[in-house]
> 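The structure under discussion is supplied below as structure tokens; questions concerning it will follow.
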Amino acid sequence: MAKKSKIAILTGGGDCPGINAVIRAVAKKAMLELGLEVVGISDGYEGLLHNRHRILHYEDVSGIINLGGTILGTSNKANPYRCPVKKEGSLEFKDLSQAVIDNFVRLEVECLVCIGGDGTLSIANRLYKDGLPVIGIPKTIDNDIRGTDITFGFDSAVYVATEGLDRVRTTAQSHHRVMIVEVMGRNAGWIALQAGIASGADVILIPEIPYDLDIIAEKVNDRDCRGKRFTITVISEGARPKGGEKVVQRIVKESTDPIRLGGIGFVLGSEIEAETGIETRTVVLGHLQRGGVPTPFDRVLATRLGTKAVDMLMEGRFGQMVGVKGNDLVEVSLEEVARGQRRVPVGDALIVSARSVGTCFGDIRDVMPQV
Ligand code: F6P
């Protein structure tokens, strides 16, 4: 009997709602329409390095469209070009890409489908340039991948963040407090922006617009004077004051991107309380935003992206990522994706709309009529 053609699939970087829906879409289409065998690589590039993989059967990818996390496991510490290796108690980084390439060749697969964020896809680009047939699929709650209007996982994260903001409103109104919700987003404020607009937050603070504490305090005081004795603020973990720094929570040395942010919401909370005298509390949503079931939107997007990726691999269009422009699926070169992150433009239409309804971004004084 002739050997079946095979493809491999891996998931890298932080987990995010919708990954399993993509794995399902790629694997089901490959199996049902093309009769391909699908190899699941464990824990991202780590699995390629250490030869950890398994054949995925139909049953493995059936019934997982609504399952959070990734059935393959993931890692954000295994960059084949800069692998952390412990030597005599200290950490060294080695280029082990040749071992990864050799292991890939031994798998005898036609293509490697990489589901990941900017880190995973930049590595995919290097592997492509080193000869691997790679196709990328954009995954991240941060929505910061170049070449696509949206990544799967983002809608689910915005849903959780919006619910968090809606819920703190109860306490804010009842206790006449300032409530701050810190959301993820290291360099791009898409989650804060969309969840802030969706929940009617009074103040939205994002990495792209450094804030001025005095302007925020004025907004809080002004609302208080008008009888709105509470203020809802959403802040990205990567936000910072004008002339100030981001708040680093920890350094994960082995990681491709070692800085972990967190805590700016608490810093801002104490400053607002000191400046206004109004009790201020902070909630950090953290990984709650990455967990749980994907929204229907993300499940549909994941299915579209996954099935399109199979079309691309059948046509041999390697070195490309499937992206979204408007309502259409597009192909974007991984080279373009690797150029950097997609941040919120300061003149973005969403920011303009939010300003029009009186939302403060911490940079411009309020234009509300005086009472
Ligand atoms: O890139 C997605 C992301 O969720 C960031 O917003 C966040 O800073 C980071 O991952 C946290 O990663 P970890 O799970 O390693 O703490």
Side-chain angles (χ1 to χ4, degrees), residues 10-19 22 43-46 68-70 72-79 82 84 91 114-124 136-148 150-162 164 181-196 204-208 234-240 245-267 283-292 294-295 298 302 321 337-338 340-344:
L10 66 75
T11 57
D15 68 334
C16 124
I19 302 186
V22 176
D43 305 328
Y45 296 115
E46 207 173 287
T70 160
L72 297 177
T74 188
S75 166
N76 51 16
K77 296 179 184 160
N79 178 351
R82 195 175 173 271
L91 203 61
C114 294
I115 304 172
D118 63 315
T120 302
L121 296 176
S122 298
I123 294 167
I137 302 182
K139 165 241 64 149
T140 167
I141 64 164
D142 294 348
N143 201 29
D144 60 357
I145 298 182
R146 279 173 87 95
T148 184
I150 191 151
T151 57
F152 74 84
F154 174 62
D155 185 67
S156 305
V158 169
Y159 184 87
V160 173
T162 303
V181 176
E182 181 182 307
V183 298
M184 281 186 170
R186 279 174 292 183
N187 302 308
W190 294 107
I191 298 177
L193 179 60
Q194 290 222 2
I204 299 176
L205 304 173
I206 61 176
E208 293 85 346
V234 57
I235 184 167
S236 305
E237 61 184 355
R240 62 184 173 85
E245 298 297 325
K246 296 184 178 195
V247 175
V248 176
Q249 194 197 49
R250 61 158 75 194
I251 306 281
V252 183
K253 280 194 198 138
E254 307 93 322
S255 180
T256 320
D257 190 353
I259 292 174
R260 295 291 177 275
L261 301 172
I264 184 69
F266 290 109
V267 173
V283 175
V284 179
L285 282 189
H287 293 83
L288 287 177
Q289 292 153 97
R290 289 203 336 217
T295 57
D298 273 335
M321 176 191 85
V337 173
Q341 292 167 334
R342 189 179 76 97
R343 306 182 71 201
V344 181

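Read the numbers this way: they start at 1 and go in the same order the structure lists the ligands and their atoms.
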> Quick test: of every protein heavy atom, which one is nearest to atom 5 (C) of ligand 1, and how far off is it to 0.1 Å?
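Closest protein heavy atom to atom 5 (C) of ligand 1: Asp142 OD2, 3.3 Å.
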> Quick one: nearest non-hydrogen protein atom to atom 10 (O) of ligand 1, plus distance?
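Nearest protein contact, heavy atoms only, for atom 10 (O) of ligand 1 is Arg290 NH1, 3.0 Å.
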> Can you tell me if NZ on Lys246 sees more than 12 non-hydrogen neighbours from other groups inside 6.0 Å?
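Check passes, neighbour count above 12.
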> On the ring face of Trp190, is Arg342 found with NZ or CZ under 6.0 Å from the centre and within 45° of the axis?
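Satisfied, under 6.0 Å and within 45°.
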> Please confirm whether Gly185 comes under 4.0 Å of ligand 1, counting heavy atoms of the residue only.
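Yes, that is the case, since the closest heavy atom of the residue is under 4.0 Å from the ligand.
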> Quiz question: by atom type and distance under 3.5 Å, do the side chains of Thr295 and Asp155 form a donor-acceptor pair?
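The criterion, which ignores hydrogens and geometry beyond distance, is satisfied for Asp155 and Thr295.
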> Which ligand 1 atoms does Asn76 reach within 4.0 Å, using its non-hydrogen atoms?
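That gives atoms 15 (O) of ligand 1.
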> Is it the side chain, the backbone, both or neither of Arg260 that has a heavy atom closer than 4.0 Å to ligand 1?
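Answer for Arg260: side chain.
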> Which one of Arg240, Arg186, Gln249 satisfies the side chain to side chain contact (heavy atoms under 4.5 Å, CB included) criterion with Leu261?
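Looking at Arg240, Arg186, Gln249, the match for Leu261 under the side chain to side chain contact (heavy atoms under 4.5 Å, CB included) is Arg186.
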> Short list, please: which atoms of ligand 1 are under 4.0 Å from a heavy atom of Arg186?
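Every atom of ligand 1 under 4.0 Å from some heavy atom of Arg186: 1 (O), 5 (C), 8 (O).
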> Does ligand 1 have any atom sitting under 4.0 Å from a heavy atom of His287?
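In this structure, His287 qualifies as a contact of ligand 1 - some heavy atom is under 4.0 Å.
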> Can a non-hydrogen atom of Leu261 be found less than 4.0 Å from any atom of ligand 1?
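Heavy atoms of Leu261 never come under 4.0 Å of ligand 1.
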> Decide whether Asp298 and Ser156 meet the rule of one side-chain donor and one side-chain acceptor closer than 3.5 Å.
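Indeed, the side chains of Asp298 and Ser156 share at least one donor-acceptor pair under 3.5 Å.
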> Quick one: which of Met184, Glu237, Gln249 has a heavy atom closest to atom 8 (O) of ligand 1?
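Residue with the shortest heavy-atom distance to the ligand atom: Glu237.
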> Answer yes or no: is there a side-chain heavy-atom contact under 4.5 Å between Leu285 and Val181?
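With C-beta onward as the side chain, the pair touches.
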> Going by heavy atoms in the side chains, are Phe152 and Thr140 under 4.5 Å from each other?
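They are not in side-chain contact.
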